[in-house]
Colleague: 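Supplied in structure tokens, the structure appears directly below.
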Amino acid sequence: MSVYARIRGTGSYLPERVMTNRELEALVDTSDEWIRERTGICQRHIAAPGETCGDLSTAAARRALDAADMPADSIDLVILATSTPDQVFPSTACLIQQRLGIPGGAIAFDVAAACSGFVYALDIANRFLRTGGARRALVMGAETFSRILNWEDRSTCVLFGDGAGAVVLERSGSAGVLSTHLHADGRQEPLLNVPWGVAKGYDAVFADPASGKVTMRGNEVFKVAVRTLGAVVDETLAANGMARGDIDWLVPHQANIRIMAATARKLGMPMERVVVTVDRHGNTSAASIPLALDVAVRDGRIQREQVLLLEAFGAGFTWGSALIRY
Ligand code: UT7
């Protein structure tokens with residue numbers, strides 16, 4: 001009998017504070033019209049002072065556990081995808097484990113793959129569950145990107161938002177995750193990065209605060225993202241012997257509505273079959289896919305047994321996809 005990792009429940013959490021494009025007009029030389037036309041973003045959520053990635057993740061995880069109707073103490077694998085962890089160490093996954101009351105002895109760690117982080121985390125959980133290394137997994141993507149944005153740089157600060165999404169997966173005899181496809185190309189690092197790291201020492205950030213913030217050559221990233229996502233979508237369909245029409249829902253990373261539209265065109269899918277949250281959430285990096293998934297599950301668009309294609313592209317570069325029978 002084949003064994004799969006099946007999604008049992010989804011959850012998400014967004015900080016209360018909403019920041020509109022109009023508010024950004026007061027901070028940098030931009031306009032609501034430019035942001036909407038170039039990205040599809042109308043607003044984003046911003047974490048409150050002191051509200052951390054671990055806080056957002058824990059709230060999303062509680063909702064996913066409720067939806068799955070499973071107690072936290074039945075989880076034996078915790079993976080958090082993030083680029084904005086609460087501390088250098090321990091992993092934020094361990095902090096979440098403790099707060100949710102997931103028993104000592106479970107496996108818990110963070111994954112850093114920027115905007116592709118959730119797809120990376122899902123791939124890892126899938127392997128654990130299929131091989132029997134774990135039975136029930138909590139997989140999250142969460143970010144507090146507002147803390148690493150340069151609020152004087154209009155080319156990046158208008159794009160990102162904070163939030164968290166979570167899924168509970170379980171070993172199952174009926175179909176779940178059908179395939180995952182991960183890739184990276186570290187040569188492209190300078191196009192999208194936060195150039196500060198522990199290697200440079202804290203004093204470097206204090207001397208030059210901008211070095212601790214996101215930098216992106218957006219237009220170059222855009223072109224590679226469209227091309228690369230087209231290729232990974234082809235790879236995913238071929239690996240499963242599926243045709244374009246076999247996909248019920250595209251649940252893409254929410255970086256830019258124009259990138260999502262390009263992937264939908266490639267798949268011959270109307271935009272009604274694409275889950276879009278970038279208008280309300282902005283780009284929440286590793287959180288964007290599980291957030292979008294949860295929105296579409298809760299509003300009833302995504303139904304059991306439907307086929308979902310998840311895809312993401314981000315810093316590294318990293319990219320990947322997952323095909324799921326929900
Ligand atoms: O999630 C991880 C991966 N990241 C992505 O996938 C992001 C990919 N990139 C993008 O989504 C788009 O490239 C952006 C939304 C970042 C930018 O859109 P674009 O159509 O590629 O614009 P651009 O960078 O070519 O800039 C066009 C113009 C420039 O002005 P000039 O040189 O034509 O006079 C920019 O200076 O728009 C200007 N600009 C802005 N204007 C108003 C850049 N940012 C802004 C802004 N408001 N916020």
Side-chain angles (χ1 to χ4, degrees), residues 19-44 81-84 112-120 141-146 148-163 165 182-186 188-194 213-233 250-264 266 274 276-279 281-292 310-321:
M19 183 185 270
T20 62
N21 291 347
R22 290 264 176 244
E23 284 178 73
L24 285 161
E25 289 177 354
L27 292 180
V28 286
D29 180 14
T30 191
S31 66
D32 176 49
E33 192 191 5
W34 190 95
I35 301 171
R36 281 177 198 258
E37 274 180 13
R38 297 296 180 120
T39 70
I41 299 168
C42 306
Q43 61 168 57
R44 71 287 292 141
T82 189
S83 298
T84 50
C115 297
S116 311
F118 182 76
V119 175
Y120 267 66
E143 302 284 9
T144 46
F145 251 57
S146 60
I148 55 167
L149 292 175
N150 177 352
W151 290 98
E152 293 175 357
D153 176 6
R154 70 174 183 176
S155 71
T156 51
C157 78
V158 304
L159 304 174
F160 295 93
D162 300 334
L182 302 185
H183 302 285
D185 181 356
Q188 312 274 18
E189 179 269 340
L191 296 185
L192 175 53
N193 64 14
V194 175
K213 307 292 169 67
V214 174
T215 78
M216 178 165 70
R217 303 218 301 259
N219 195 265
E220 291 166 71
V221 176
F222 185 98
K223 288 175 194 151
V224 184
V226 169
R227 196 172 60 238
T228 308
L229 289 170
V232 86
V233 158
L250 178 63
V251 189
H253 168 51
Q254 310 279 319
N256 187 316
I257 190 69
R258 292 182 291 138
I259 298 177
M260 291 183 255
T263 311
K266 167 101 192 159
V274 183
V276 175
T277 54
V278 72
D279 52 337
H281 303 169
N283 180 347
T284 57
S285 189
S288 88
I289 289 178
L291 259 164
L310 281 46
E311 46 84 341
F313 181 89
F317 289 151
T318 55
W319 64 98
S321 65

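Residue numbers run from 1 in the order of the sequence given. Both ligands and their constituent atoms are indexed starting at 1 by order of listing.
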Colleague: Please check if a non-hydrogen protein atom sits closer than 4.0 Å to atom 32 (O) of ligand 1.
Modeller: no
Colleague: Note the single closest protein heavy atom to atom 47 (N) of ligand 1, along with its residue, its atom name and the distance in Å.
Modeller: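 Closest protein heavy atom to atom 47 (N) of ligand 1: Thr30 OG1, 2.6 Å.
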Colleague: My understanding is that we take every heavy atom of each candidate and find the minimum distance to atom 22 (O) of ligand 1. Doing that for Glu33, Arg38, Glu25, which one comes out nearest?
Modeller: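 Among Glu33, Arg38, Glu25, the closest heavy atom to atom 22 (O) of ligand 1 comes from Arg38.
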Colleague: Return the OG1 to CG distance between Thr30 and Leu24, rounded to the nearest 0.5 Å.
Modeller: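 Going from OG1 on Thr30 over to CG on Leu24, the span is 7.0 Å.
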Colleague: Atom 6 (O) of ligand 1: which protein heavy atom is closest, and how many Å away?
Modeller: Ile259 CD1, 3.4 Å
Colleague: Would you mind listing which atoms of ligand 1 come within a distance below 4.0 Å of any non-hydrogen atom of Asn256?
Modeller: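 Near Asn256, meaning under 4.0 Å from one of its heavy atoms, ligand 1 has 10 (C), 11 (O), 12 (C), 15 (C).
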Colleague: Closer than 4.0 Å and a protein heavy atom, does any atom meet both conditions relative to atom 9 (N) of ligand 1?
Modeller: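 For atom 9 (N) of ligand 1 the answer is yes, since some protein heavy atom falls inside 4.0 Å.
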Colleague: Tell me the contacting part of Phe222 for ligand 1: side chain, backbone, both, or neither, using a 4.0 Å heavy-atom threshold, strictly below.
Modeller: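 Both the backbone and the side chain of Phe222 come within reach of ligand 1.
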Colleague: For Ala255, take its heavy atoms, then give the atoms of ligand 1 lying under 4.0 Å from any of them.
Modeller: 1 (O), 5 (C), 6 (O)
Colleague: Keeping the roles fixed (side chain from Glu189, backbone from Phe317), state whether a donor-acceptor pair exists under 3.5 Å.
Modeller: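 No.
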Colleague: From the options Arg154, Arg217, Glu37, select the one whose nearest heavy atom is closest to atom 35 (C) of ligand 1.
Modeller: Arg154
Colleague: Out of all atoms in ligand 1, which are within 4.0 Å of some heavy atom of His253? Include the element for each.
Modeller: 1 (O), 2 (C)
Colleague: Against heavy atoms of Ser155, which atoms of ligand 1 measure under 4.0 Å?
Modeller: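 Once the distances to Ser155 are compared, the set is 44 (N).
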Colleague: Measure from atom 21 (O) of ligand 1 to every heavy atom in Ile257, Asn283, Asn219 and give the option owning the shortest one.
Modeller: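 It is Asn219 that holds the nearest heavy atom.
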Colleague: Does atom 37 (O) of ligand 1 have a protein non-hydrogen atom under 4.0 Å from it?
Modeller: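 Within 4.0 Å: yes, protein heavy atom nearby.
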Colleague: Using distance alone, decide if ligand 1 has a nitrogen or oxygen within less than 3.5 Å of any nitrogen or oxygen in Gly218.
Modeller: yes
Colleague: With side-chain contact (heavy atoms from CB on, under 4.5 Å) as the criterion, how do Phe145 and Ser83 come out once you've worked through the C-alpha distance, each side chain's angles and the decisive distance to 0.1 Å?
Modeller: CA-CA 8 Å; Phe145 251 57; Ser83 298; 4.3 Å; yes
Colleague: Is ligand 1 less than 4.0 angstrom away from at least one heavy atom of Met216?
Modeller: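 Contact check Met216 vs ligand 1: positive.
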Colleague: What protein heavy atom sits nearest atom 39 (N) of ligand 1, and how far away is it?
Modeller: Trp34 CZ2, 3.4 Å
Colleague: So does Val119 get a backbone contact from the side chain of Ser116, meaning a donor-acceptor N/O pair under 3.5 Å?
Modeller: no
Colleague: Can you tell me which portion of Thr39 lies within the under-4.0 Å heavy-atom range of ligand 1? Options are side chain, backbone, both, or neither.
Modeller: side chain
Colleague: Examine the side chains of Glu143 and Ser285 and answer whether a donor and an acceptor come within less than 3.5 Å of each other.
Modeller: yes
Colleague: Indicate the atoms forming the closest heavy-atom contact of Ala114 with Ala286, along with that distance.
Modeller: O-CB, 3.6 Å
Colleague: Kindly indicate whether atom 42 (C) of ligand 1 is approached by any protein heavy atom to under 4.0 angstrom.
Modeller: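 There is a protein heavy atom less than 4.0 Å from atom 42 (C) of ligand 1.
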Colleague: Might you point out which heavy atoms bring Met216 and Val221 nearest each other, and give the distance in Å?
Modeller: CG-CG2, 3.9 Å
Colleague: Does Tyr120 use its side chain to pair, donor to acceptor, with the backbone of His183 at less than 3.5 Å?
Modeller: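 Here the side-chain-to-backbone pair exists.
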Colleague: Provide the number and element of each atom of ligand 1 under 4.0 Å from a heavy atom of Arg258.
Modeller: 18 (O), 19 (P), 20 (O)
Colleague: Using a 4.0 Å cut-off to any heavy atom of Cys115, which atoms of ligand 1 qualify?
Modeller: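 This gives 1 (O), 2 (C) as the contact atoms.
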Colleague: Less than 4.0 Å is my threshold; does some heavy atom of Glu220 fall inside it relative to ligand 1?
Modeller: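 Per 4.0 Å heavy-atom rule, Glu220 does not contact ligand 1.
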Colleague: Tell me, with the steps shown, if Arg258 and Thr39 meet side-chain contact (heavy atoms from CB on, under 4.5 Å).
Modeller: CA-CA 7 Å; Arg258 292 182 291 138; Thr39 70; 6.0 Å; no
Colleague: Indicate, as side chain, backbone, both or neither, the part of Ile35 found under 4.0 angstrom from ligand 1 when only non-hydrogen atoms are considered.
Modeller: neither
Colleague: Quick check against the 3.5 Å criterion: does Glu220 have a side-chain atom that pairs as donor or acceptor with the backbone of Gly218?
Modeller: no
Colleague: Evaluate the criterion side-chain contact (heavy atoms from CB on, under 4.5 Å) for residue pair Thr263 and Leu250; output intermediate values, then yes/no.
Modeller: CA-CA 9 Å; Thr263 311; Leu250 178 63; 4.2 Å; yes
Colleague: Kindly compute the distance separating OG1 (Thr20) from CZ (Arg22), expressed to the nearest 0.5 Å.
Modeller: 8.0 Å
Colleague: Looking at Asp162, Thr284, Thr82, which one forms a side chain to side chain contact (heavy atoms under 4.5 Å, CB included) with Thr144?
Modeller: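 Single side chain to side chain contact (heavy atoms under 4.5 Å, CB included) partner of Thr144 among Asp162, Thr284, Thr82: Asp162.
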Colleague: What part of Val158, side chain, backbone, both or neither, has a heavy atom within less than 4.0 angstrom of ligand 1?
Modeller: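 Contact part for Val158 vs ligand 1: side chain (C-beta onward).
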Colleague: Main chain of Arg38, side chain of Asn256: is a donor-acceptor contact present, judged purely on distance under 3.5 Å?
Modeller: yes
